[in-house]
S.K.: 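One structure follows; several queries about it will come next.
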Amino acid sequence: MKETYTSHFKRNNFFEDVYAVVALIPKGRVTSYGAIANYLGSKLSARMVGWAMNAAHTQKHIAAHRVVNSKGLLTGKHHFKTPTAMQQALEREGVKVAKDKVVDFEKKFWNPSQELL
DNA sequence: CCCCTGACGACGC
DNA sequence: AGCGTCGCCAGGG
């Protein structure tokens with residue numbers, strides 16, 4: 001059987017799951033859309049995580065700034081209130097950003113599949 | 001129902 | 001190191 005979220009779970013649960021994982025990201029650490037997708041269900045495309053985050057910013061308080069793409073780039077910055085809001089939020093937590101990219105991404109990276117056993 | 005558009009990611013050049 | 005392409009799944013026109 002397919003393992004997509006739409007066939008087995010309701011869309012709402014998908015959002016909740018994404019938010020739950022994001023809420024568990026330690027302060028000062030970051031993760032990627034793909035890592036979350038992989039943790040929730042390997043078959044799920046990482047695009048869906050970004051899609052969930054897009055819906056998130058209108059709803060509750062979600063630490064969306066701690067989620068970047070697989071290369072550590074702040075691709076979601078344009079969806080924040082200001083173009084620099086995401087970077088500033090990260091730097092307040094001790095995550096340095098240069099050229100829209102997380103510095104020492106490998107060190108800051110938090111993998112839910114590995115650390116959230 | 002077809003086509004386009006993504007807060008993505010892996011590859012190829 | 002930068003682009004372009006393609007696969008991915010859901011939503012909107």
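Values below: all heavy atoms of this structure, side chains included; hydrogens, waters and symmetry mates excluded. Please read these numbers as outputs of a predicted model, since none were measured by experiment. Throughout, a chain's letter reflects where its sequence line sits, starting with A, and its residues are numbered from 1.
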S.K.: Remember a base hit wins even if backbone is also touched, and classify A:A37 as base, sugar-phosphate or nothing at under 4.0 Å, heavy atoms.
M.R.: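 Nothing: the residue A:A37, judged by heavy atoms under 4.0 Å, touches no strand.
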
S.K.: Atom CG of A:N38 and atom P of C:dC8: how far apart are they, to the nearest Å?
M.R.: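 A:N38 atom CG is separated from C:dC8 atom P by 16 Å.
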
S.K.: What nucleotide among B:dA7, B:dG6, C:dG11 has an atom nearest to a side-chain atom of A:M48?
M.R.: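 When the side chain of A:M48 is considered, B:dG6 is the closest of B:dA7, B:dG6, C:dG11.
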
S.K.: Indicate the atoms forming the closest heavy-atom contact of A:V103 with A:K108, along with that distance.
M.R.: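 Looks like O-CG, 3.8 Å.
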
S.K.: What is the distance from NE2 of A:H57 to P of B:dG6, rounded to the nearest Å?
M.R.: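 The distance from NE2 of A:H57 to P of B:dG6 comes to 14 Å, rounded to the nearest Å.
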
S.K.: Tell me the closest heavy-atom pair linking A:K99 and A:L73, and the distance in Å.
M.R.: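 Distance-wise, the nearest heavy atoms are O-CD2, 4.4 Å.
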
S.K.: Report which part of the nucleic acid A:N54 touches: base, sugar-phosphate, or nothing (heavy-atom distance under 4.0 Å, all strands).
M.R.: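 Result for A:N54 = base.
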
S.K.: A:M53 has an atom CE; how far is it from atom P of C:dA10, in whole Å?
M.R.: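 Rounded to whole Å, this separation is 19 Å.
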
S.K.: OH of A:Y19 versus C1' of B:dA7: gap in Å, rounded?
M.R.: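 To the nearest whole Å, that distance equals 12 Å.
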
S.K.: Whole-Å distance between C:dG2 C1' and A:K71 NZ?
M.R.: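 Going from NZ in A:K71 over to C1' in C:dG2 covers 11 Å.
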
S.K.: What are the two closest heavy atoms between A:Y33 and A:M53, and how far apart are they?
M.R.: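 Closest pair (atom of A:Y33, atom of A:M53, distance): CE2-CG, 4.3 Å.
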
S.K.: Give one of base, sugar-phosphate or nothing for A:H78, where a contact means two heavy atoms less than 4.0 Å apart.
M.R.: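 Nothing, no nucleic acid heavy atom in range.
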
S.K.: So, OP1 or OP2 of C:dG7: does either fall under 4.0 Å of a side-chain N or O from A:S45?
M.R.: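 A:S45 to C:dG7 OP1/OP2: no side-chain N or O under 4.0 Å.
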
S.K.: Mind listing the closest non-hydrogen atom pair of A:T31 and A:A35 along with its distance?
M.R.: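 Looks like OG1-CB, 3.5 Å.
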
S.K.: Whole angstroms only, please: what is the NZ-P distance between A:K101 and C:dA1?
M.R.: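 Whole-Å distance recorded here is 10 Å.
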
S.K.: Does the plane of the ring in A:W51 sit parallel, tilted or perpendicular to the ring in A:F14? Use 30° and 60° as the thresholds.
M.R.: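 Ring orientation of A:W51 relative to A:F14: parallel.
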
S.K.: Where the side chain of A:W51 is concerned, which of B:dG9, C:dA10, B:dA7 is the nearest nucleotide?
M.R.: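 The listed nucleotide nearest to A:W51's side chain is C:dA10.
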
S.K.: Check the distance between B:dG9's C1' and A:Y39's OH and give it to me in whole angstrom.
M.R.: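 In whole Å, B:dG9 C1' and A:Y39 OH are 21 Å from each other.
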
S.K.: Rounded off to whole Å, could you give me the OH-to-P distance for the A:Y33 and B:dA7 pair?
M.R.: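 Answer to the nearest Å: 9 Å.
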
S.K.: What does B:dA7 pair with, Watson-Crick or G-U, if both distances are under 3.5 Å?
M.R.: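 Its partner: none found.
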
